[in-house]
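Take a look at the structure below.
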Amino acid sequence: MGATDRGCAVGMTGCGKTTLAQYLCTRFATVICFDAKGTLKWEGFKRYTTLRKLVSACNSDKCIKAIYAPVASELRNPDYWEAFFRYVYERKGTFCYVDEVYAVTDRDDMPPHYHAILTRGRERGNGLLSSTQRPMQIPSVIMSESEHWYVFRLSMPGDKKKVQDTIGVPADSIGELEKRRFFYSRADLGRFIGPLTLKIN
């Protein structure tokens, strides 16, 4: 996955998708993560709990690796979600990781500038990796516009079916994956490969 590509990682808690995300994000010079669960603590990444402090730090450091883990008042306010994504979009040259998509979207709606990064980010030098436990609860455009898909174990029938319908990985195979095992597909590949084993040194 490149610095201006779009990717989507799906899988249950503990399956390995956050470890994969950390590996991918550390490869890029400038990365800003949206951590709705407040659990990301990655070496080399600075954590900020308010958007004001995040923006101030990012404005003074062009090559920053940062995590925005919003305080409750900002996490509950969609205006902050939109302001975060607008800042990333307008900043250019920034890779964005969203740790749990359904915290800031629903099946039919997403922050306008999240959509802008997804559909028009490449021309501004922006990349995006979206991660979720519940593919059924997120807008379909996030999966359909992505160029890279990482499919870890899912248990809910609706989630497995959505992935099968979008990417073609059989639902039964998704449910049988062990921890750190995943299927990978790329838009220009036309097929999926795996299951692969996530091994990061």
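The first residue of the sequence shown is numbered 1, and numbering continues consecutively from there. For the numbers below, each heavy atom of this structure counts, side chains included, while hydrogens, waters and symmetry mates do not. Only a predicted model underlies this, so the values are computations on that prediction, with no experimental measurement involved.
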- Query: For atom CD of Glu123, is the number of surrounding heavy atoms from other residues, nucleotides or ligands below 6.0 Å larger than 12?
  - Reply: yes

- Task: Taking the side chain as every heavy atom from C-beta outward, state whether Phe85 and Met110 have any pair of such atoms under 4.5 Å apart.
- Result: no

- Query: Which heavy atom of Cys96 sits nearest a heavy atom of Val88, and at what distance?
  - Reply: CB-CG1, 4.0 Å

- Message: Please check if the number of heavy atoms outside Lys53 that lie under 6.0 Å from its NZ is greater than 12.
- Response: no

- Task: Would you give the length of the straight line joining atom CG of Asp5 to atom CG of Leu128, rounded to the nearest 0.5 angstrom?
- Result: 10.5 Å

- Non-hydrogen atoms of Gly38 and Ala69 that approach each other most closely: CA-CB, 4.1 Å

- Query: So, does Glu100 use its side chain to make a donor-acceptor pair with the main chain of Lys37 at under 3.5 Å?
  - Reply: no

- Backbone of Pro139 reached by a side-chain donor or acceptor of Arg107 within 3.5 Å: no

- Task: Could you check whether the rings of Phe192 and Phe183 sit parallel, tilted or perpendicular, using 30° and 60° as the cut-offs?
- Result: perpendicular

- Message: Using side chain to side chain contact (heavy atoms under 4.5 Å, CB included), reason through Met1 and Tyr150 one step at a time and then give a plain yes or no.
- Response: CA-CA 11 Å; Met1 183 172 179; Tyr150 308 89; 3.4 Å; yes

- Taking the side chain from Gln164 and the backbone from Ala171, do they hold a donor-acceptor pair closer than 3.5 Å? yes

- Query: Are side-chain heavy atoms of Gln137 and Met156 found at a separation under 4.5 Å?
  - Reply: no

- Rounded to the nearest 0.5 angstrom, the OH-CG distance for Tyr184 and Leu196 is 10.0 Å

- Item | N/O donor-acceptor pair under 3.5 Å between Trp81 side chain and Leu75 backbone | yes

- Is there a side-chain contact between Leu51 and Tyr87 (heavy atoms, below 4.5 Å)? no

- Does any non-hydrogen side-chain atom of Thr19 lie less than 4.5 Å from one of Arg180? yes

- Value for CD1 (Ile67) from CZ (Arg47), rounded to nearest 0.5 Å, stands at 6.0 Å

- Message: Around atom CD of Glu178, are there more than 12 heavy atoms from other residues, nucleotides or ligands closer than 6.0 Å?
- Response: no

- Ignoring hydrogens and geometry, is there a side-chain-to-backbone donor-acceptor pair from Thr94 to Lys92 under 3.5 Å? yes

- Message: Run the side chain to side chain contact (heavy atoms under 4.5 Å, CB included) test on Lys162 and Val10 for me, step by step, so that the C-alpha distance in whole Å, both residues' side-chain angles and the decisive distance to 0.1 Å come before the verdict.
- Response: CA-CA 11 Å; Lys162 183 168 184 176; Val10 301; over 6 Å; no

- From CD1 (Ile64) to SG (Cys58), nearest 0.5 Å: 4.0 Å

- Query: Any idea which heavy atoms bring Pro195 and Leu177 closest together, and the distance?
  - Reply: CB-CD2, 3.6 Å

- Does the side chain of Val169 reach to within under 4.5 Å of the side chain of Ser185, using non-hydrogen atoms? no

- Message: Parallel, tilted or perpendicular, judged at 30° and 60°: which one describes the rings of Tyr68 and Phe34?
- Response: perpendicular

- Backbone N/O of Arg52 and side chain of Ser56: donor-acceptor pair under 3.5 Å: no

- Task: Name all residues meeting the ring-ring contact (aromatic ring centres under 6.0 Å, His included) criterion together with Phe45; count only those two or more places apart in sequence or in a different chain, and write none if there are none.
- Result: Trp42

- Message: Between Leu198 and Tyr23, is there a side-chain heavy-atom distance shorter than 4.5 Å?
- Response: no

- Message: Let me check something: do Phe95 and Trp149 share a hydrophobic cluster, defined by ILVMFWY side-chain heavy atoms less than 4.5 Å apart, either directly or through other members?
- Response: no

- Search all heavy atoms of Gly127 against all heavy atoms of Ile117 and return the closest pair with its distance. O-CG2, 4.2 Å

- How far does CG of Leu40 sit from SG of Cys33, to the nearest 0.5 angstrom? 6.0 Å

- Item | Stepwise side chain to side chain donor-acceptor pair (under 3.5 Å) check, Tyr114 with Ser130 | CA-CA 10 Å; Tyr114 188 172; Ser130 303; 2.7 Å; yes

- Distance from Phe182 atom CZ to Thr197 atom OG1, nearest 0.5 Å? 8.0 Å

- If you look at every heavy atom in Arg134 and Asp159, which pair is closest and at what distance? NE-OD2, 2.5 Å

- Message: If you apply the rule side chain to side chain donor-acceptor pair (under 3.5 Å), what do you find for Gln133 with Thr13, and how did you get there?
- Response: CA-CA 7 Å; Gln133 303 173 41; Thr13 299; 3.1 Å; yes

- Query: What do the steps show when you test Tyr80 against Ser73 for side chain to side chain contact (heavy atoms under 4.5 Å, CB included), and what is the final call?
  - Reply: CA-CA 9 Å; Tyr80 281 94; Ser73 59; over 6 Å; no

- Message: Looking at Lys65 and Cys25, would you say the former's side chain and the latter's main chain have a donor-acceptor pair under 3.5 Å?
- Response: no

- Item | Contacts of type ring-ring contact (aromatic ring centres under 6.0 Å, His included), residue His115, not counting sequence neighbours | none

- Without swapping roles, check the side chain of Glu82 against the backbone of His113 for a donor-acceptor pair under 3.5 Å. yes

- Heavy-atom donor-acceptor pair, Thr166 side chain to Val163 backbone, under 3.5 Å: no

- Query: Counting distance only, does the side-chain N/O of Lys17 pair as donor-acceptor with the main-chain N or O of Gly11 below 3.5 Å?
  - Reply: yes

- Item | Heavy-atom neighbours of Met12 CE exceed 12 at 6.0 Å | yes

- Message: Between Met143 and Val98, is there shared hydrophobic-cluster membership here, with clusters defined by ILVMFWY side-chain heavy atoms closer than 4.5 Å?
- Response: yes

- Message: Is the shortest side-chain heavy-atom distance between Tyr97 and Thr18 below 4.5 Å?
- Response: yes

- Message: Same cluster or not: Val101 versus Leu20, using hydrophobic residues (I, L, V, M, F, W, Y) connected whenever any side-chain heavy atoms lie under 4.5 Å apart?
- Response: no

- Would you check if Leu129 and Phe28 make a side-chain contact, meaning some heavy-atom pair closer than 4.5 Å? no

